[in-house]
Q: 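Please read through the structure below; I'll follow up with questions.
As the structure is a computational prediction, the values presented were derived from the model and not from experiment. All values below were derived from every heavy atom in this structure, side-chain atoms included, with hydrogens, water molecules and symmetry-related copies excluded.
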Amino acid sequence: MEDRELAARAVQAREEAYAPYSKFRVGAALLGRSGKVYTGCNVENASFSATNCAERTAVFKAVSEGERQFEAIAITGGDGRYLSPCGVCRQVLSEFCDPDAFRVIMAADERDYRVMTLGELFPAPFSSF
Ligand code: THU
């Protein structure tokens, strides 16, 4: 799947964002090695710290459905900016994704995006192995 198609899926996923507290709506679309796309949005909570980011929503949906290998994730949020994943989401992605091959597509919209590898964004993840 082309990066721009994945970016378009993230833009679509943002429609479902539940962000009544920050009003900062985020969408993500995660491409599995199987070719299946798992979408996610941020899901906020009144206790704030229980909030789940869009990226982790997508990863947890995928893993809970049996997929553990991924090619790329597209993320979009805010207005016209290149949103890069927070540290917690980078750590979660690093659990499942090849740092040199996995693409993080930071999309202002479906036509305007920047791409970095996970390893460039997060060169030293925690690992217990
Ligand atoms: N958020 C995400 O969904 N992904 C990120 O990478 C950064 C932040 C959400 C969490 C919260 O609902 C809102 O954006 C403001 O931080």
Side-chain angles (χ1 to χ4, degrees):
M1 170 176 283
E2 305 256 352
D3 288 354
R4 64 183 160 76
E5 286 177 64
L6 205 57
R9 294 292 299 272
V11 170
Q12 234 172 25
R14 185 174 50 185
E15 292 298 310
E16 303 303 332
Y18 178 72
Y21 304 103
S22 73
K23 317 275 191 230
F24 192 88
R25 301 162 64 80
V26 186
L30 177 68
L31 177 61
R33 199 155 285 171
S34 68
K36 193 168 168 189
V37 174
Y38 303 86
T39 58
C41 62
N42 52 336
V43 183
E44 296 189 343
N45 188 271
S47 75
F48 291 15
S49 65
T51 290
N52 209 56
C53 290
E55 299 91 318
R56 276 176 290 137
T57 303
V59 172
F60 296 155
K61 278 172 69 176
V63 173
S64 68
E65 290 178 26
E67 183 128 28
R68 293 184 182 172
Q69 291 186 306
F70 305 106
E71 308 273 341
I73 191 168
I75 309 158
T76 191
D79 284 322
R81 46 182 280 185
Y82 303 112
L83 179 72
S84 75
C86 80
V88 173
C89 289
R90 293 177 199 203
Q91 179 68 35
V92 168
L93 288 166
S94 76
E95 184 77 24
F96 299 104
C97 306
D98 177 345
D100 299 322
F102 185 80
R103 303 189 310 286
V104 179
I105 302 155
M106 294 163 276
D109 60 44
E110 51 267 67
R111 289 169 304 276
D112 178 14
Y113 49 82
R114 285 184 182 160
V115 185
M116 291 175 76
T117 64
L118 182 61
E120 286 171 330
L121 271 176
F122 198 49
F126 169 74
S127 171
S128 55
F129 301 116

Q: Do you know which two heavy atoms are closest between Gly77 and Arg81, and how far apart they sit?
A: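 In terms of heavy atoms, the two residues are closest at O-CG, 3.5 Å.
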
Q: Measuring from Thr57:OG1 to Asn52:CG, what's the distance to the nearest 0.5 Å?
A: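 Thr57 atom OG1 to Asn52 atom CG measures 4.0 Å (nearest 0.5 Å).
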
Q: Taking the side chain as every heavy atom from C-beta outward, state whether Phe122 and Leu93 have any atom pair closer than 4.5 Å.
A: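 No, every pair of side-chain atoms sits at 4.5 Å or beyond.
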
Q: Which residues pass the side chain to side chain donor-acceptor pair (under 3.5 Å) test with Tyr113, sequence neighbours left out?
A: none

Q: Suppose we screen for side chain to side chain contact (heavy atoms under 4.5 Å, CB included). Which residues come up paired with Ala19, at least two apart in sequence or across chains?
A: Ser22, Arg25, Asn42, Glu44

Q: Taking the ring of Phe102 and the ring of Phe70, is the distance between their centroids below 6.0 Å?
A: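 Here the rings of Phe102 and Phe70 have centres that are no less than 6.0 Å from each other.
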
Q: Find the distance between CG (Leu31) and CD (Glu2) and round it off to the nearest 0.5 Å.
A: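 CD of Glu2 is found 11.5 Å from CG of Leu31.
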
Q: Answer with yes or no whether the hydrophobic clustering places Met116 together with Ile75; edges join I, L, V, M, F, W, Y residues whose side-chain heavy atoms lie under 4.5 Å apart.
A: yes

Q: Less than 4.5 Å apart, any side-chain heavy atom of Glu55 and any of Cys86?
A: no

Q: With sequence neighbours left out, write down each residue that passes side chain to side chain donor-acceptor pair (under 3.5 Å) with Ser47, or none if nothing qualifies.
A: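 Per chain and number, Ser47 pairs via side chain to side chain donor-acceptor pair (under 3.5 Å) with Asn45.
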
Q: Flag the pair Pro85 / Leu121 as yes when at least one side-chain heavy-atom distance between them is below 4.5 Å, and no otherwise.
A: yes

Q: A side-chain contact here means heavy atoms from C-beta on lying under 4.5 Å apart; do Arg4 and Arg111 qualify?
A: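 In short, these two side chains do not touch, never coming nearer than 4.5 Å.
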
Q: Which residues pass the side chain to side chain donor-acceptor pair (under 3.5 Å) test with Thr51, sequence neighbours left out?
A: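 Counting only residues at least two positions away or on another chain, Thr51 forms no side chain to side chain donor-acceptor pair (under 3.5 Å).
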
Q: Under the rule for side chain to side chain contact (heavy atoms under 4.5 Å, CB included), what residues qualify as partners of Arg9, not counting sequence neighbours?
A: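 For Arg9, the residues satisfying side chain to side chain contact (heavy atoms under 4.5 Å, CB included) (neighbours in sequence not counted) are Gln12, Ala29, Val37, Thr39.
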
Q: Hydrophobic clusters here meaning ILVMFWY residues chained together by side-chain heavy-atom distances under 4.5 Å, can you tell me if Val43 and Phe60 are in one?
A: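 Hydrophobic grouping puts Val43 apart from Phe60.
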
Q: Roughly how far, to the nearest 0.5 Å, is the CD1 atom of Ile105 from the OG1 atom of Thr76?
A: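 Result: 11.5 Å between the selected atoms.
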
Q: Between the main-chain N or O of Ala108 and the side-chain N or O of Arg114, is there a donor-acceptor pair closer than 3.5 Å?
A: no

Q: Given 3.5 Å as the limit, does a donor-acceptor pair link the side chain of Thr117 with the main chain of Asp100, or not?
A: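 Side chain of Thr117 to backbone of Asp100, a donor-acceptor pair under 3.5 Å: no, none is there.
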
Q: Report yes or no: do Val59 and Leu6 belong to one cluster of Ile/Leu/Val/Met/Phe/Trp/Tyr joined by side chain heavy-atom distances under 4.5 Å?
A: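 No, Val59 and Leu6 fall in different hydrophobic clusters.
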
Q: Do Arg14 and Val11 come within less than 4.5 Å of each other through their side chains, counting heavy atoms only?
A: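 In contact.
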
Q: Identify, with sequence neighbours excluded, every residue that meets side chain to side chain donor-acceptor pair (under 3.5 Å) alongside Asp98.
A: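 Listed in chain order: nothing, the list is empty.
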
Q: Tell me the closest heavy-atom pair linking Ser94 and Gln91, and the distance in Å.
A: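 Closest approach of Ser94 to Gln91: OG-O, 2.7 Å.
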
Q: Identify the two heavy atoms, one from Ala13 and one from Cys41, that lie closest to each other, and give their separation to 0.1 Å.
A: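 Answer, listing the atom of Ala13 first, then Cys41: O-CB, 3.7 Å.
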
Q: Restricting to non-hydrogen atoms, name the atom on Ala28 and the atom on Ala58 that form the minimum distance, rounded to 0.1 Å.
A: CB-CB, 4.5 Å

Q: If you measure from CD on Glu95 to CZ on Arg68, what distance do you get to the nearest 0.5 Å?
A: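 Output value for this atom pair is 10.0 Å.
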
Q: What's the shortest heavy-atom distance between Gly32 and Glu71, and which atoms?
A: O-CG, 4.0 Å

Q: Should Val26 and Val115 be counted in the same cluster of Ile, Leu, Val, Met, Phe, Trp and Tyr side chains packed under 4.5 Å apart?
A: no

Q: So, Glu65 versus Tyr38: side-chain donor-acceptor pair below 3.5 Å or not?
A: no

Q: If I take atom CG from residue Leu83 and atom CE from residue Met106, how far apart are they, to the nearest 0.5 angstrom?
A: 9.0 Å

Q: Treating Glu67 as the side-chain partner and Lys36 as the backbone partner, does any N or O pair qualify as donor plus acceptor under 3.5 Å?
A: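 Side chain of Glu67 to backbone of Lys36: no pair is present.
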
